[in-house]
Number of protein chains: 2
Amino acid sequence: MTTNLNTFTGEYSYTVDNKGRVNIPAKFRKALSADNEEMFVITKGMDPCIWVYPAIVWKNIENNLKNLSSLSAINRTFIRNTVRYASATSYDKQGRIQLTTNLIDYSHLKKKTLIIGMVNKIEIWNPDKLKEIDKKNIKIDNNAYDELAEKIII
Amino acid sequence: MTTNLNTFTGEYSYTVDNKGRVNIPAKFRKALSADNEEMFVITKGMDPCIWVYPAIVWKNIENNLKNLSSLSAINRTFIRNTVRYASATSYDKQGRIQLTTNLIDYSHLKKKTLIIGMVNKIEIWNPDKLKEIDKKNIKIDNNAYDELAEKIII
DNA sequence: ATATATTGTGGGTAGTTGTGGGTAAATATC
DNA sequence: GATATTTACCCACAACTACCCACAATATAT
């Protein structure tokens, strides 16, 4: 079975143990291309969740950032908020990565987590937080959303 | 008789077994082009049913999503909603795919199912749910059909 | 009409995966 | 330098999944 490498879809329920470890779904680990050497980069998401990138995808982002001018406020903000918290971790023999307390606090993780494939990255959520955000997003700009849907969904 | 590849028509009755597997009608499997490697992607439909795409059709959607920047909140929401329930599965030697509990719940699948060819994708329904929806849709606006008439010749 | 192949449905089993906890090395604290 | 705390690595086990086989029902061929 060959799917796109470094591409993640689907939603999974897992638990954070009392050492701050979470399992990366087996499907996601299998989707990692070999040149990642079983490494992910975890960082602060733009929503209150943790973003998990394959190591080489993250390297690309870093390289792109180098080419961005710091004159732009949004660039500076993105770098400050997102890159700042990035740390590389490989998963252990049971397929778990170690989260940092910083990120656990930021995303309000307790025991139950939702791990969501977001195509080129993975999100780790507190299920309750995500529900909140989903509710808020119902009021989101519908026109822009529908435009996207029309362009992309078949 | 050879029909168009990756094109599905007709309606079939099947059962979901207690492991959450459903048979994909033989005709549909034969309609899959070779580059799919016997893989489908199942995901949440816009109606309360499961959508089943040939893998390569879904890959197109994925690639489109990869070009959306996560700096935009609306993009993030859209990606999440689109991909969250998607999972790739190849069918087993008996021609069945494994459904996820998420999707079974969402589409209210019990034992009996209707599998419907929808041209470029397949829908899996609880027959009762479909009846409900059909009733509602009888009241559909004739104007809506007139609009469609300008786009499609049947 | 009979034989043969295909298709749909059920279940068993071995291997994988998720979760908890243990131990020793590494780091920090007093 | 001795002790406490954290971190990295290892093992155990229950639960689940992928894969295999069996068989009945249907369709196809002779």
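First the proteins, then the strands, lettered A, B, ... as listed; each starts at 1. Worth saying up front: this structure is predicted, and the values here are computed from it rather than measured.
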Original post:
What heavy-atom pair brings B:N23 and B:I115 nearest, and what distance separates the two atoms?
Top reply: O-CD1, 3.2 Å
Subject >> Intermediate values then yes/no, side chain to side chain donor-acceptor pair (under 3.5 Å), B:K66 and A:T7 >> reply: CA-CA 9 Å; B:K66 275 188 186 164; A:T7 304; 3.0 Å; yes
Original post:
Do any N or O atoms from the side chain of A:T89 and from the backbone of A:I97 form a donor-acceptor pair under 3.5 angstrom?
Top reply: no
Original post:
Are B:K129 and B:E132 ion-paired here, with the side-chain N under 4.0 Å from a carboxylate O?
Top reply: yes
**OP:** Quickly work out the A:Y14 OH to C:dT19 C1' distance and round it to whole Å.
**Re:** 11 Å
Subject >> For the student: nearest non-hydrogen atoms of B:V16 and B:V22, plus distance >> reply: CG2-CG1, 4.2 Å
Subject >> side chain to side chain donor-acceptor pair (under 3.5 Å) evaluation trace for A:K121 with B:S70 >> reply: CA-CA 10 Å; A:K121 62 173 159 294; B:S70 283; 2.7 Å; yes
Polar atom pairs between nucleotides 13-15 of chain D and protein, under 3.5 Å, N or O only, would you list them?
none

Original post:
Could you give the CD-to-C1' distance, from A:E38 to D:dC9, as a whole number of Å?
Top reply: 14 Å
Original post:
If you measure from the Lys or Arg side-chain nitrogens to the Asp or Glu carboxylate oxygens, is any gap between B:K112 and B:D128 under 4.0 Å?
Top reply: no
Original post:
Are any of the side-chain nitrogens in B:K111 or B:D17 under 4.0 Å away from the carboxylate oxygens of its partner?
Top reply: no
**OP:** Could you tell me whether A:Y85 and A:Y106 have their ring centroids closer than 6.0 angstrom?
**Re:** no
Original post:
When you check the phosphate oxygens OP1 and OP2 of C:dG20, does a side-chain N or O of A:K111 lie under 4.0 Å from one of them?
Top reply: yes
Subject >> Residues A:D134, B:R84: salt bridge by 4.0 Å N-O rule >> reply: yes
**OP:** Using only side-chain N and O atoms of A:S13, determine if any of them is under 4.0 Å from OP1 or OP2 of C:dG18.
**Re:** no
**OP:** Go through residues 88-100 of chain A and report each residue with a non-hydrogen atom lying under 4.0 Å from DNA chain C, sorted by number.
**Re:** A:Q94, A:R96
Subject >> Residues within residues 16-25 of chain A bordering DNA chain D, heavy-atom distance below 4.0 Å >> reply: A:K19, A:R21
**OP:** To the nearest Å, give me how far apart CE (B:M39) and P (D:dA18) are.
**Re:** 12 Å
**OP:** Compare all side-chain heavy atoms of A:Y91 with those of A:E38 and state whether any distance is below 4.5 angstrom.
**Re:** yes
